[in-house]
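First comes the structure, then the notes that go with it.
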Number of protein chains: 2
Amino acid sequence: MTERGGPRRVRMRDVAVAAGVSASTVANVLSRPDIVAPETRLRVEQAIRRTGFVRSGPARQLRGLPSPIVGSVVLDLANPYFAALNRGVEDRLAEAGCLLLTASTDLRPEKEGQLLDLLQEQAVRGIVIAPIGSDRGALLAASRRGTPVVLVDEPRSGLDLCAAAVDDVLGGRLAAEHLLALGHRRIAYLGATVESGTVTRRRAGVRQAVADAGLDPDDTVVDLRMVLHPPALVDAAAGAVDHLLALRPAPTAVLCLNDTAALGVLRRLHALGRRVPEDVSVVGYDDLPFAALLSPPLTTVRQPTYALGRTAAGLLLDEARPDHTHRQVLFRPELMVRSSTAPPPGEPAADPPPPTARRERR
Amino acid sequence: MTERGGPRRVRMRDVAVAAGVSASTVANVLSRPDIVAPETRLRVEQAIRRTGFVRSGPARQLRGLPSPIVGSVVLDLANPYFAALNRGVEDRLAEAGCLLLTASTDLRPEKEGQLLDLLQEQAVRGIVIAPIGSDRGALLAASRRGTPVVLVDEPRSGLDLCAAAVDDVLGGRLAAEHLLALGHRRIAYLGATVESGTVTRRRAGVRQAVADAGLDPDDTVVDLRMVLHPPALVDAAAGAVDHLLALRPAPTAVLCLNDTAALGVLRRLHALGRRVPEDVSVVGYDDLPFAALLSPPLTTVRQPTYALGRTAAGLLLDEARPDHTHRQVLFRPELMVRSSTAPPPGEPAADPPPPTARRERR
DNA sequence: ATGAAAGCGCTAACAA
DNA sequence: TTGTTAGCGCTTTCAT
């Protein structure tokens with residue numbers, strides 16, 4: 001139908017011939033138009049358009065020019081949290097003319113390792129990664145070999161890398177302090193058997209808050225761990241509710257690893273006829289757009305997701321500068337108190353929320 | 001601290017020297033290990049590990065090997081619909097050892113054009129695109145020049161390209177038929193001033209259904225169009241509610257362009273003290289995970305989002321086969337009837353929903 | 001202002 | 001079984 005024999009890619013040479021000049025002149029028109037005679041330039045530009053020439057990125061990279069591609073490795077791009085984070089990264093990079101190549105690890109360290117190799121093979125400009133494996137060695141090695149690596153959602157912990165993270169321990173503390181102030185003394189923390197560092201650190205924050213309140217974390221905090229992956233997170237969370245309700249003494253509140261899990265928890269509690277927050281209090285994490293509109297509106301911890309992504313990208317771009325030094329940017333999470341939390345059953349009126357909390361304006 | 005003068009990338013030559021062989025032997029160890037003497041192979045493999053060698057993708061591409069990178073161009077990756085779609089694309093590609101490079105157009109045709117150029121410049125293996133501009137010429141040109149292009153969320157319409165799409169007209173029809181059967185005779189369609197083809201086609205489906213019911217679409221369907229971009233979608237949708245309520249005669253139902261917009265509509269209606277569905281019925285689109293958990297649970301149109309992404313990726317991978325012929329895969333949307341829709345105020349009991357609808361199991 | 005030439009790191013055909 | 005060689009398409013001196 002169209003030309004036979006596979007559409008040969010148009011090269012600079014072809015344009016040169018079409019314009020009656022040499023290849024280097026074509027190159028000059030593209031890279032330093034000012035040093036080409038206006039009339040020649042015009043001829044070349046027309047030839048470029050006429051032939052549909054697109055220059056070859058791979059060839060340019062081979063010549064030593066930097067790739068415009070940055071890699072992003074997240075836990076799961078279908079998770080709205082990472083989607084928003086990634087959008088922040090993408091936007092900041094776009095301002096620098098860069099593109100973002102994203103892949104999900106599904107919390108599997110071996111997949112993370114493969115992706116890291118693949119990205120280095122592509123000679124990307126750098127990598128933004130929310131790591132799951134504990135193998136920081138591979139990250140350090142990549143960085144040392146010339147592929148800058150920026151941690152996101154994970155603190156620097158003394159590593160020779162840049163990092164953009166949220167204070168997860170604080171996030172856990174804020175949520176726990178809120179529940180403790182309401183009078184809860186038996187709190188479930190819904191995590192997973194395989195979970196990211198963020199989730200683990202928040203649990204530590206919860207336990208800290210409990211200890212600071214003079215209570216024993218081992219008595220007060222109940223560890224609930226979902227087995228993920230075959231079931232979708234929201235369903236696994238729903239399933240966890242049955243375990244929760246079977247516990248004795250029964251927890252009066254659940255802290256969920258994120259809003260999506262809270263969604264599943266609410267669904268199952270509704271289905272079982274338990275009232276939220278009268279019978280059980282539920283707290284989410286992330287403050288996704290839908291959190292404020294669930295029934296009841298979800299108390300949750302807000303993270304500056306998009307800004308986090310932008311910041312990580314900014315740190316990565318900065319690595320190209322000669323005077324760059326690795327650094328960490330740490331954001332603060334914020335408790336959003338809504339209607340899914342209340343004093344436990346049989347408790348008098350609540351204390352006021354702690355000063356760090358923000359009660360939502362209408 | 002580490003080596004001085006920038007960490008020079010390790011090349012095949014370096015490995016060859018370290019192993020005391022030639023570069024081609026190293027290449028052979030990597031590409032056809034079986035033709036290398038076991039003992040030599042071992043020496044080379046050790047040298048590879050010792051030196052931290054990573055082969056150069058750009059150089060391989062220049063030699064004519066295909067890039068493992070596929071480009072994905074969506075309207076907005078922060079939109080959970082596209083995030084899920086993209087995850088489908090990513091997973092299918094991963095099975096073929098490919099990586100996905102995603103960028104958002106924000107519904108801006110000029111950004112779409114730039115991205116297309118950038119991706120072709122990178123000599124990606126192919127492009128999956130949810131197009132916004134009407135400039136199919138650029139897509140066709142890219143395809144003809146050797147970068148396969150697969151349309152997603154957009155029908156083929158006779159173009160010489162593959163496409164994976166959902167029947168949007170049908171989706172609009174289903175939603176409208178449901179409302180008509182409930183007795184609604186004045187229905188608002190909440191779209192945008194700049195909207196994707198999907199949204200436009202659904203409106204057409206709505207009008208068709210109305211016409212088929214013997215009513216005049218111009219009287220029955222009210223066009224509500226949000227100005228997007230400065231305000232986030234959910235806020236813009238909330239704002240549109242005020243316009244909606246000012247209309248005379250007032251619509252008794254709103255069809256929203258997606259679930260996120262429906263979120264905003266519900267929020268504002270609640271804030272204004274209107275009851276859903278008693279005063280106004282609301283219908284979303286996409287059936288995102290939170291839709292079933294809003295108050296009230298949202299009637300919406302489900303799309304096979306993840307499958308759509310997988311299919312698109314599959315079509316793209318198929319383009320590499322010599323006997324490939326372009327084709328379209330069309331999915332059917334499905335109406336999910338929940339509690340945000342009911343007969344209009346002052347209407348007797350509802351007719352049963354049309355046979356295409358699915359009433360959710362508890 | 002333009003062109004000739006070298007070479008980036010790799011692969012594949014061919015020679016040894 | 002291993003090594004030699006000739007480019008892939010481009011950028012960049014360095015002539016002209």
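Just so we're on the same page: letters track the sequence lines, and every chain starts at 1. Not measured: the values here are computed from a predicted model. Both backbone and side-chain heavy atoms feed into the values below; hydrogens, waters and symmetry mates do not.
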- prompt: Who passes ring pair (Phe, Tyr, Trp, His ring centres under 6.0 Å) against His324(A), sequence neighbours left out?
  reply: His326(A)

N/O donor to acceptor pairs below 3.5 angstrom from side-chain atoms of residues 33-44 of chain A, sequence neighbours left out:
from	atom 1	to	atom 2	distance (Å)
Arg41(A)	NE	Pro33(A)	O	3.4
Arg43(A)	NE	Ala19(A)	O	3.1
Arg43(A)	NH2	Ala19(A)	O	3.3

task: Go through dT1(D), dG3(D), dA1(C) for me and flag the one nearest to the Thr40(B) side chain.
output: dT1(D)

- prompt: Could you write nucleotides 8-16 of chain C as a row of B, S and -, 5' to 3', where a protein heavy atom under 4.0 Å of any base atom gives B, of only sugar-phosphate atoms gives S, and otherwise -?
  reply: BBBBB----

- request: Mind calculating the distance between CG (Leu42(B)) and P (dT1(D)) to the nearest angstrom?
  value: 16 Å

- request: Calculate the interatomic distance between Ile35(B) atom CD1 and dG3(D) atom P; express it in whole Å.
  value: 11 Å

message: With a 4.0 Å limit, can you tell me whether Ser22(B) has a side-chain N or O closer than that to the phosphate oxygens OP1/OP2 of dT2(D)?
response: no

Check residues 113-126 of chain A and write down every donor-acceptor pair under 3.5 Å in which the side-chain atom is one partner and the other belongs to a residue at least two apart or another chain.
from	atom 1	to	atom 2	distance (Å)
Arg125(A)	NE	Ser67(A)	O	2.8
Arg125(A)	NH2	Ser67(A)	O	3.2

- request: Could you note down all residue pairs passing side-chain hydrogen bond (donor to acceptor under 3.5 Å, both in side chains) where residues 93-102 of chain A supplies at least one of them, sequence neighbours left out?
  value: Asn86(A)-Thr102(A), Arg92(A)-Glu95(A), Glu95(A)-Arg310(A)

statement: Partner of Val152(A) under side chain to side chain contact (heavy atoms under 4.5 Å, CB included), picked from Ile129(A), Leu85(A), Thr311(A), is Leu85(A)

query: Taking only residues two or more places apart in sequence or in another chain, which ones pass salt bridge (charged side-chain N to carboxylate O under 4.0 Å, His left out) with Arg321(B)?
result: Asp318(B), Asp323(B)

query: Would you say a side-chain N or O of Thr25(A) is under 4.0 Å from OP1 or OP2 of dT2(C)?
result: no

